[in-house]
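Notes to accompany the following structure.
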2 protein chains.
Amino acid sequence: MTSYAEELILPRHNSLGWLIAVSGKQLAEDLDQRLKNIGLSIGVWPTLYALWEQEGLTQTELAERCMTAHYTTTRTLDTLEKMGLVERHPHPTSRRALQIYLTDQGKDLRHSALQQAIACNSDYLARLSHAEARTLIQLLNKAVGTEI
Amino acid sequence: MTSYAEELILPRHNSLGWLIAVSGKQLAEDLDQRLKNIGLSIGVWPTLYALWEQEGLTQTELAERCMTAHYTTTRTLDTLEKMGLVERHPHPTSRRALQIYLTDQGKDLRHSALQQAIACNSDYLARLSHAEARTLIQLLNKAVGTEI
DNA sequence: TATTGTTATACTCTATAACTATA
DNA sequence: TATAGTTATAGAGTATAACAATA
């Protein structure tokens, strides 16, 4: 067990999959807890996050950005609509598509919600220097293939 | 939005939480698919992985290493016992504890299962050099706090 | 015939808590 | 009284597929 490939799986604390799984669980649970303090949850986070970046997306576009199924997007938007945070508007050129917009209340949550996420990230990265943190994010970005 | 903390959350492809979530989903789905080719699934993977590292653990110890709830460990072991891959043995000094051992069939799966995990990791890391991959794992390790 | 979005249904996962038996 | 493990039950999340309306 000495090749490059095997080095990436054993022992446990060297295993990429294990480290990512542990990190994901930790970050998601932490963010969920923090979001609950402001009336949100991890379930609605990806959708709101996408809308804070760009409003007026159709549900299909939202589903792509959140990487969730279209029926999940439908239900998440039902929830967010009931909470008064988003609205479905008729699409200007297609009568079957809908454009999703934030309400004023949804816009108001942006800052405090992003603060919660920043706090999660900072806690997770507490053991790294700023330079190391930037390197980590850059490498994840490169691996995932979303870099520009 | 220019501070170090805010740089770690926006835009999306710079967000640590998003990158980790995407990576985790991708790695878990890929491994699940590959494991199904050899009759396993992602659900039993952490438990088998821990046992391939060390046999004879009690269920409580296994739950700790897999970071799952004790009732999840009970049910996963039920599944693995029905599959003929593990056995519950009486503990030598405690009549209420059980020690978990792999059957020969469970031991035989070790190599091919690890190969599947190695393939997942290699695919995920395909865009990185070996040095970059080692750096990524080292930084994740440091962040999670499991480094020796 | 394909696309956008909704809904019904079932299935898997997980969480809570009660339970047995041991220590 | 605390620990090791099991089980019942309910809830959340997810997957499949059928559906209506529109293109």
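Residue numbering restarts at 1 for every chain, and letters A, B, ... go by the order of the sequence lines. Small disclaimer: the values here were computed from a predicted structure and weren't measured.
What you find for A:G43 and A:T76 is that their closest heavy atoms are O-CG2, 3.9 Å. The minimum heavy-atom distance linking B:W52 with B:L109 is given by the pair CZ2-C, 3.9 Å.
No hydrogens or angles were tested; on distance alone, a donor-acceptor pair under 3.5 Å links the side chain of B:R75 to the base of D:dA8.
In the 5' to 3' direction, nucleotides of DNA chain C lying under 4.0 Å from heavy atoms of chain A begin and end at C:dA2 to C:dT9.
Between the CG atom of B:L62 and the P atom of D:dT6 there is a distance of 11 Å, rounded to whole Å. For B:D78 and D:dG5, the CG to C1' distance is 10 Å, given to the nearest whole Å.
Contact of the A:I9 side chain with the A:N14 side chain is not registered, since no non-hydrogen atoms from C-beta on lie closer than 4.5 Å. Counting heavy atoms from C-beta on, the side chains of B:Y101 and B:L57 never come closer than 4.5 Å.
When the nearest nucleotides of DNA chain C are assigned to A:Y71 and A:R96 by heavy-atom distance, the more 5′-ward of the two goes with A:R96. Along DNA chain D, the nucleotide closest to A:S94 and the one closest to B:T58 are compared, and the more 5′ of them pairs with B:T58. Along DNA chain C, the nucleotide closest to A:E29 and the one closest to A:T60 are compared, and the more 5′ of them pairs with A:T60. Along DNA chain D, the nucleotide nearest A:H70 and the nucleotide nearest B:Q59 are compared for position; the residue whose nucleotide lies closer to the 5' end is B:Q59.
The residues B:K82 and B:D78 are annotated as not salt-bridged, no charged nitrogen and carboxylate oxygen being separated by less than 4.0 angstrom. The pair A:D123-A:R34 counts as a salt bridge, with a side-chain nitrogen and a carboxylate oxygen less than 4.0 angstrom apart.
Note on B:T74: a side-chain N or O is less than 4.0 Å away from OP1 or OP2 of D:dT6.
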